[in-house]
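What you see is a predicted model, and the numbers here were worked out from it, not measured in a lab. Values below: all heavy atoms of this structure, side chains included; hydrogens, waters and symmetry mates excluded. Chain naming here is simple, since letters A, B, ... match the order of the sequence lines and numbering starts at 1 in each.
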Amino acid sequence: MKIESITLENFQCYYDLNQFVFERGLNIILGDNGEGKTKFYEAIHWLFNGDRFNLDPLISKKKLKENYNGDKFMVSVSMTVTVDNLQQKLKKSFKVESGTQKIKTESFEFIGMSENDIGEREKMDGDKLLDYIFPPQIRRYSMFKGEAELDIFKSGEQALSNLVKSFSNASHYDEFCKYGDYLRNEAEKAVNKDVKLSSKSKRQFQLLESAIDKKKNELSSREEQFKINDTNLIKIKEDLKEADKYFNNAKHLKTLKERIKRINESISKTQSRIVSDYTTRIFDDKWILMFFEKIQKEFNEKIKNEDLLRRKEEKKFNMEQGAKELSDKILNKITPLPLGVPSVSHMEEMLKEKICKVCNRSAEEGSEAFTYMEKRLEDFKQSIKPKKEKQREVLFKKNYTQKLFSLSDNYTKRLIDIRKIEPGLKDVFEFNERKNQELKELEKSLEKEEREIQKIIAKSKGESELVNIYENVKAWNKQELDIEKSKVRLESEINNLKRELKELVSEKEGIDSKEAKRFLIDTRDILRDIETIFQDTRELKYDEFIDLINFKSNEIFSTINVDDFTGKINLKKYSDSRGEQIKVELLTAEGEYENPNQSLETTMHMSILFAISEIASEISSEGAGNYPMIFDAPTSSFGLKKTMDFLNLVHSTDKQRIILTYEFVGRDAKGNQVIEEEFNSVKRSKAFWLRRDEFVKEDLSTINTNVTTL
Amino acid sequence: MTRRDLLLKDFMSHPIISEKYKISPSKIPSTLEDGLNSSYPIVKSISYMIKEIKRSPKKSEKEVDKLIRKLLNESPL
């Protein structure tokens, strides 16, 4: 059987018509979390199992919004398959009428379209066609969601007998056991009846029979109790194992969270070290002065020029002032002798003698010459007297130029520091660039760790349930111990009862042989032997089938896990209160029990499923025997490398498998989804990529998944 | 070999047949038809049970019990 195509029409996030055309071999559907992988899986599940109830959640909200005014549209999921080269089609659909008040769904139908040997197509009931092309016992082993569902033996109930019924002829022997038990029991009754008719040992026989019945009841009760204990113990062990698994997840989660905390701390630290307060630094660290030297030079030039101009102006002014003063002192435009010529003593001498010895004329007291000489003497005396200098008039009362010079000098001295600003600034920018680069790397690591957390949360029960499990672990450990003790006690009691029963039966059989008719004893003995033969043969056939699964599973297991420790899968049959069960164990080469991690456990279960699929295809070369398998996120715990190896192995089996995975979908620098390069190394027959349109978080009607065939 | 022959073959392989009933391999029937004609009551009984259980419609447990008892009653044990 081969799935040719699956078409989703207005089903949940699949707006309008979306067709997946599949090939034989490995078909991979890629999609990040929330892009529509599980909705695709649920669509197939609905096609196989869905009924006419609760249809509203299946309708595409986008389509619904488009047709709010009462228009009708279809929601459907259809699958086309070929079985023995004949095409068969299944379609489950319903009509939607969306008014403003409420949604009306109608015309639910599940129809099949079957092609016969002469190429005619015939419409038939969908359920009938589904059971023909994909029988229920096959469907049970063909669709799996997540890693937990891969363990087909976990649910316990009838898992082994279902498996045997579906894929082995061992089930033929079950009914022989039933008949054998009935016939032997009837033969026992006939012997008992015959002995009771004999009067000789009647009393003794009745006592023995009653004692045997009592012992049998006791034994049966103990055995029942033992089985219940066993079941409870298995359940507790499974719970503890589950807790252990989640504990590992929690531990991993804790490690990741610590790593994230450290990365966030590094991010904060790096961010705090990045210089971002440029405005402040422009003033506080005087970055503004970086180009000051040029201004300073220009400033100096300007001051010099200004000074030159000032001095010229000053000189001119002073000259003008000096000339004025001189002219004031020149009398009658005669150039006077310098002060001190003649000397004071000469002057006094000339005044005393009343004669001017300079012009050699008499200078009588009171005469103009005498008065002149007197004044000159007085002027001279005054001039040599220490006197307060007269404030000279100046052109520039404030010496700003000088101030500017000293300012310039001051700045020049500070140029040494200013010259350091530019290289300092370069250092700051280089440092910032380095730190920004570091920040980018840290943010990348943070994103990676956060994705890893999402993966763990996706495959765990969630943190809150994890806490509940932890709380239960203590109680489970105590219960486990109590049950173990109780089992030991019961086992001893059962052995004692069996021994006592054996003695009683032996005693009774002694009477039987003496009292009952030979024919009845012989018939009973033969029927006892026949029952033993039937039971043993059944056991043998079941064991052979389990051995076959074991063998094939281990062949596949070693191939999937080629680079890792594999150990050996061991399917072990046991009985508990629910009946015969299968326990999946992992053994080391030395035959010791090994506790597998999640990834190894998934690989084990996957190997068993592939083994069953192989066995099924060996039983029937075409038709349902060669059935396709659909897995939604089966390798969450694998990691990229192991997923690649696993997919390559699946591809090599050349059987049709549809695998939905979030691996290989990454993000580019801008945060856009991309297919990672590693996907190029994955061998496959076909691949699809699911991506949602941009959507508004609060508005479901904006959600639409696009299907791209890669 | 039919499904019923195979069933008989499987039952005849049990050690009880050779060890307790001392039936040599040459006396072990290879077909159901041979088994139904066997001179060994245990072989004959098993063969009849296969025939009756695997027929359509199959006989009830009570009917098979009656048949086998009659058979064993008539066979020299």
On a heavy-atom basis, the closest approach of B:Val64 and A:Tyr179 is CG2-CE2, 3.5 Å

Heavy-atom cut-off 4.5 Å, strictly under: side chain, backbone, both or neither for [X] against chain B?
X        : value
A:Lys541 : side chain
A:Leu527 : side chain
A:Asp525 : backbone

Are more than 12 heavy atoms from other residues, nucleotides or ligands located less than 6.0 Å from atom [atom1] of [X]?
X        : atom1 : value
A:Lys573 : NZ    : yes
A:Gln206 : CD    : yes
A:Lys216 : NZ    : no
B:Lys27  : NZ    : no

Measure distances from [X] to the heavy atoms of chain A and classify the residue's part below 4.5 Å as side chain, backbone, both or neither.
X       : answer
B:Lys66 : neither
B:Lys54 : side chain
B:Ile16 : side chain
B:Ser13 : neither

Output the distance between atom [atom1] ([X]) and atom [atom2] ([Y]), rounded to the nearest 0.5 Å.
X        : Y        : atom1 : atom2 : value
B:His14  : A:Thr532 : NE2   : OG1   : 6.5 Å
A:Thr537 : B:Ile46  : OG1   : CD1   : 8.0 Å
A:Phe176 : B:Ile53  : CZ    : CD1   : 4.5 Å
B:Asp10  : A:Asp536 : CG    : CG    : 12.5 Å
B:Ile17  : A:Ile533 : CD1   : CD1   : 3.5 Å
B:Arg69  : A:Phe519 : CZ    : CZ    : 7.5 Å

Kindly say whether A:His172 contributes a backbone atom to a donor-acceptor pair with the side chain of B:Arg3 at under 3.5 angstrom? no

Using 30° and 60° as the class boundaries, would you call the ring planes of B:Phe11 and A:Phe534 parallel, tilted or perpendicular? tilted

